[in-house]
Amino acid sequence: MIESLLIANRGEIARRIIRTARKLGVRTIAIHSDVDRTMPFVREADEAVCIGTALAKDSYLRQDRLLAAASETGAAAIHPGYGFLSENAEFAEAVIAAGLVWVGAPPAAIRAMGFKDAAKERMIAAGVPVTPGYLGADQSPHRLQAEADAIGYPVLIKAVAGGGGKGMRRVDEAGAFGEALASCQREAAASFGDERVLIEKYILAPRHIEVQVFGDTRGNVVHLFERDCSLQRRHQKVIEEAPAPGMDAATREAVCAAAVKAAAAVDYVGAGTIEFIADASDRLRADRIWFMEMNTRLQVEHPVTEAITGQDLVEWQIRVASGEPLPRRQDQLAIDGWAMEARLYAENPATGFLPSTGPLETLHFPHGIRIDSGVEQGGEVTPYYDPMIAKLIARGRTRPEAAGKLARACAKVRVWPVRTNAAFLARAAAHPDFVAGRIDTGFIERHAEALIPATEPSEAVLQAAAAAILPTGADDPWTALRGFRVNAGASRQIQVVVADRTYLVELTDDVPAAHVTDGVLFLNGEAWPFGPDRADHVAGGAAAGDGAILSPMPGRVIAVLVKEGDAVAKGDRLVVIEAMKMEQALLAPFDGNVIELKASEGAQVSEGSVLARIEAQG
Ligand code: ADP
Ligand code: ADP
Ligand code: MG
């Protein structure tokens, strides 16, 4: 077996590889950019070499520096992980030419599968069913349009060099083709430096089914069953599982056999994935599953396959690259249980999934399931690389058990102040259609409203926040909750600031069990900064320096708590406004007297209208 391994990657996959290498007694060498210096994977490797600055093109993609680092450290092999240079045939060749072991796909196989059109041609020749469509060299808009018309709409235009869900356009009618083609070509040229496209029939009720394959240097190829990656957003995977729901034994047999045939056709060695698209409008049927593309690397979602087969795929990679035969024959592999993986991203679903970067002051994962993460509490999400924070991998004896575990785990994630999709994932995994296995690639879009958390705190969040600030004399929020329950019965109104807005909350008896730390409340995967109302914290810019109390939003005055001439102290509640089921109290900005009162109960007010005026004392 190889004695040492340089990992040409970062984050969670670098850590994942280190874990197995250590188990096998293989010395590990991490390479990293300057901004990644303090990351766990750098510390956990036996050695680490800084190879450049933040931008990937100046570090993780610098082939010359990677090879120099390998030579300096006496590395025997290079593992490329996924992304970055993992499917770069020239790099694979350079590694091999330098006398190193390449723990990746053979360069010829990477090339054969590198372009989607050539890969499909090759598969057709090998007798693998491919998605119907046009793969021709004639790229004139006129010809492409004619081919799309002949295929019949809807069609999907795909960049032949595409990946990561980029460079794809669905077209529903002939009239929209020209414009979609032009925009797809622009994106393809910009992202992949190659504007060539192919056209495919757009499969209805599409499910993404892929098969994990493995080859060794002795010509053996096996499969490790299928995964279902239909839960996608913008053609990118969000939740993956294995096996695929609704896959019967005969269909599985057919798809897995097609995958093995595909891999064997390119003399595949190492870990690879054959991706298929299935028309699941009826059910999963062997005659409605077509080859889409091959990924010539280990994939992000490989843990679900590990979970149901009990195999360590990184170990398989290292053994096969070292020249050993596959650790298992086909008849020694079986499916045991069900597994699901959710990708936790640093992004904010409430703002259209904008990426969120910054320090990870709080980073807590639940126990009892597998977590593959590249970061730790106290670390940071930088804007330079992939926004994935962690993968949560749940395993159960049955699919409902795995889904339940995954949903509960996602709901328990606590991250702050970086925003995440944890609540979105928890909702997706708990959605009745998901639990029932009614999934296809349109699932997320179809259920967006139910999955994306609101920008305003829910009643449950307000209840938990209000309960948490109840004065009980105890620092511990749990004591505070118990204290509250003892006093339950009498209604209590509490003013609380959540995410910079003041709410007047009528405390009820069922306070949800939120987790509260340092002014942040975590509930069902959501994170809300909150606190007791502070006098210096007047929401919405309501108090101008001159003492004018302005309405922060259009709404209705539901309470006027002062009279003209009243003396008020800084922080006193003056007026309560309600809009869209949200209440907001406006507070006195300083000690003084109410010299003017314009608000009256029940009145509608517009944003910015003057409700009262306070004159400072003295
Ligand atoms: P990438 O290289 O970006 O992964 P793929 O060809 O694998 O591109 O397609 C990505 C996703 O796009 C698939 O997982 C599927 O959701 C969708 N897709 C691809 N081809 C089709 C098709 N012919 N019909 C319907 N959906 C498709
Ligand atoms: P899959 O392997 O499931 O098809 P994707 O195509 O979504 O996964 O993932 C590959 C992508 O992962 C790369 O294109 C890159 O953006 C991202 N990536 C690369 N390296 C890392 C890393 N170390 N940690 C997290 N993400 C990475
Ligand atoms: Mg793909």
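Indexing begins at 1, ligand by ligand and atom by atom, following the structure's order. Since this is a predicted model, take the numbers as computed values, not measurements.
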Gly165, any N or O under 3.5 Å of ligand 1 N or O: yes
Atom indices of ligand 1 within 4.0 angstrom of His208 heavy atoms, with elements: 13 (C), 14 (O)
Pi-cation contact, Phe353 with Arg233 (under 6.0 Å, within 45°): yes
Among Lys116, His235, Met168, closest by any non-hydrogen atom to atom 9 (O) of ligand 1: Met168
Atom indices of ligand 1 within 4.0 angstrom of Thr131 heavy atoms, with elements: 23 (N)
Between NZ on residue Lys158 and NZ on residue Lys116, distance to nearest 0.5 Å: 5.5 Å
Criterion salt bridge (charged side-chain N to carboxylate O under 4.0 Å, His left out) on Asp372 and Arg15, from CA distance to verdict: CA-CA 8 Å; Asp372 282 15; Arg15 276 181 112 176; over 6 Å; no
Pair Tyr385 + Tyr60: ring centers closer than 6.0 Å: yes
Subset of ligand 1 atoms that lie under 4.0 Å from at least one heavy atom of Leu156: 18 (N), 19 (C), 20 (N), 21 (C), 22 (C), 27 (C)
Glu293 neighbourhood, listing ligand 1 atoms whose heavy-atom distance to it stays under 4.0 Å: 1 (P), 2 (O), 4 (O), 5 (P), 7 (O), 8 (O)
Of all N/O/S atoms in Glu275, the name of the one nearest the Mg ion (ligand 3): OE1
Contacts of type side-chain contact (heavy atoms from CB on, under 4.5 Å), residue Pro129, not counting sequence neighbours: Trp290
Atoms in ligand 1 with a heavy atom of Gln232 nearer than 4.0 Å: 11 (C), 13 (C), 14 (O), 15 (C), 16 (O)
Within-cut-off N or O pair, Pro206 and ligand 1, under 3.5 Å: no
Pair Glu347 + Arg419: basic N to acidic O under 4.0 Å: no
All pairs passing ring pair (Phe, Tyr, Trp, His ring centres under 6.0 Å) where residues 224-250 contributes a residue, at least two apart: His223-Phe225
Atom of Glu293 nearest the Mg ion (ligand 3) (restricted to N/O/S, atom name only): OE2
Sub-4.0 Å atoms of ligand 1 with respect to non-hydrogen atoms of Thr441: 16 (O)
Spacing of Thr273 atom OG1 and Phe214 atom CZ [to the nearest 0.5 Å]: 9.5 Å
Proximal atoms of ligand 1 relative to Lys201 (non-hydrogen, under 4.0 Å): 22 (C), 23 (N), 24 (N)
